[in-house]
Every structure is written in structure tokens, then in C-alpha cells.
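Have a look at the structure below before the remarks.
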Amino acid sequence: MPDSNRGVALGAAAFLLWGFGALYWDLLSASAPSEILAHRMVWSLLAMSVFLLLARRGWKWLPGVIRSPRRLLPVAAAAVLIALNWWGFIYSVSSEQTLQASLAYFINPLMSVCLGVVVFSERLRAAQWVAVGLGVLAVVVMTVGYGVTPWLALLMASSFAAYGAVKKYVDLDGMQSLTVETLVMFLPALGYVLFLEFSGVGTAASVSPAHTALLVGGGFVTALPLLLFGMATRLVPLSVIGMLQYIAPTLMFFIGWLVQGEEMPPARWAGFALVWLALSVFAFDQVRDARARSVRRRTERAEQAEQAERPAPESCD
């Protein structure tokens, strides 16, 4: 299979797993979101250890990261941000607000663009400004229609956008970075799990063997799509990843609406319609810009080849 096709398959698999994850975490409704999050942190480290073993990557690189605050601090910040994102997602699913999770990952690209302007002084094209404006209007419409700001969606979208920004300062590959992130989370999460169990309010061993298995499996459900995503980004352009990423929120939307039976009053339909319009404008601009850059590169290569073929001017002695 060509690398491009393999990259698309890996990326699609990652986003399908993220989308269907809404159904997985809903199976753990007997546990509080904070307990699910703690178990997710604990067992993610186990999952990453297994993946490192299978990949034969070893641990020789880890002491150097731990001994260097300059390398460790960005990963620790990323760990805090992704933990916040995980909590928001788990809470939204367990409280039957999966549509807020869907909205979060639909507006995440727009949030990332805004963060690029604020933090990295990036300049937006006109179409990107239109897309951002439509995204803001969508949130306003939903807020006015419901009388409540969709804080969960904004929390998840902003934390994941910030996570992506912080990762720009991490000098580790995807597998190494995720391993250190889970290592940073491990001790606080394990302490919280033990506290719950010894205080008699934990559910890890008191509900059913299936519930316990699901809590442990949450680590692999967390780590696997992230690894597939990391592999996909090395095989296909980011523009392709950008198109694939809408698989997950689309699945979440249908799960929230059709499976969990969340209401879709006119204000929510109008808000989602504006979001989809914003993303259409954004995607069109991304594709157009990618094509323009491809044409420029081909033109530059053709000009360089033409100059190389020209005979050198004869010198006059």
C-alpha cells in the first residue's frame, strides 16, 4: 500500500476511535468523571509502556528528559492541558452532553487559528477571518438560544488548541512525548485512585469485573488513536489530516443526537449550521492555499531546472 493511502487509513482509524470513544466512556457512568479521568491517566502509562516495548524503542532517552527542566516543563504543561481536555470530554459524555463535545472538536480548528494569531503573531487570510467570525457567531447564537454559554465545548476546544501550541516547544517524537505526559500524570492520578478505594467510594473493584476491565482498557483507548494520529501525520500532508479530523465530531454529533437522544431545538441547529458553514469556508481556503503553494513550488522547480540547463556565458580572455 502506498504511504499516502496508509497515512489516510491510519488517520481515519484514529479519528474513528476518537469519535466512537463517546460510547466507550458512557459505559463507565457508574464512576464519577474525576475517577474515570484518574484511571485514564494511570492506565495510559501502562498502555504507552506496552507500545514502547512493541516498538522496541526502549527507555534510554527518558533520564535525559527528566533531568532537563527545559525539556520537561513543556511536556508537563501539555500533560495538564490534555488532562483538562480529557476531563471535559468525560464529563460531557457522562452527563449526556455529547453534542457539546462534538461542538468542541468542530470549532477546535478555528480556536487553533485564533491562538496562532495571539501567541505566534500569525496573519490570517480574509477567508480565515470569515470562518472565525462565523464560529464566534455560532457560539453567540447557541448562547442566546439556550440562555447558557456552552462552557464545556469552549473548555475542550481551547484546552486542545493550547495543547497543540505547547507541543510546538516539545523536542520529542509523538510516542516519547505521550509517554512523558502520562508519566507526569501518573503519581497524582494513582494517589487519587488509592484515596478513593481506601475511603470506600471508589468503583474500580466494587461494581463488576467488566467495569474494572473497562477502566483499565481506557488507557489503551486513550493511547492508541494518539499513536495512529502521530503515524498518519508523518505520511500525509496536514491538509489531509485537517479534512480527516471532522470524522470524530461528526460521529459525536450523531451519537449525541440519535443514540443518546439529546434535544436539537432550532437554536442548536442554527449554531451547528453556522459552525459547518465556517468549517466549509475554512476547508476551502486551506485547499486553495495548498494548491497555490504546490503550483508555486512546481514553477520554482521548473525555473531552477531551466536555469541549470542554460549554457554558462563564455568568458572573454
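Numbers here simply count residues along the sequence, with the first being 1.
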Are any side-chain N or O atoms of Ser199 and backbone N or O atoms of Phe195, one a donor and one an acceptor, separated by less than 3.5 Å? yes
Is a side-chain donor-acceptor pair under 3.5 Å present for Gln100 with Ser92? no
To the nearest 0.5 Å, what is the distance between CH2 (Trp25) and OG1 (Thr98)? 13.5 Å
Taking atom OH of Tyr246 and atom CG of Leu251, what is their separation to the nearest 0.5 Å? 15.0 Å
Tell me whether the centres of the aromatic rings in Trp276 and Phe253 are closer together than 6.0 Å. yes
Hey, do the aromatic rings of Trp86 and Phe89 have their centres closer than 6.0 Å? no
Has [X] got more than 12 heavy atoms of other residues, nucleotides or ligands less than 6.0 Å from its [atom1]?
X: Phe220; atom1: CZ; answer: yes
X: Trp129; atom1: CH2; answer: no
X: Tyr91; atom1: OH; answer: no
X: Trp59; atom1: CH2; answer: yes
X: Phe186; atom1: CZ; answer: yes

Check the hydrophobic clustering (I, L, V, M, F, W, Y; side-chain heavy atoms under 4.5 Å; chains of links allowed) and say if Trp18 and Leu224 are grouped together. yes
Do you reckon Leu28 sits in the same ILVMFWY cluster as Ile255, going by side-chain contacts under 4.5 Å, direct or chained? no
Please report the shortest heavy-atom distance between Gln260 and Ala22, naming the atom on each side. NE2-O, 4.5 Å
In Ile90, Leu196, Val201, the residue satisfying side chain to side chain contact (heavy atoms under 4.5 Å, CB included) with Glu35 is Leu196
Between [Y] and [X], is there a side-chain heavy-atom distance shorter than 4.5 Å?
X: Val93; Y: Met252; answer: no
X: Leu152; Y: Met156; answer: yes
X: Trp257; Y: Arg268; answer: no

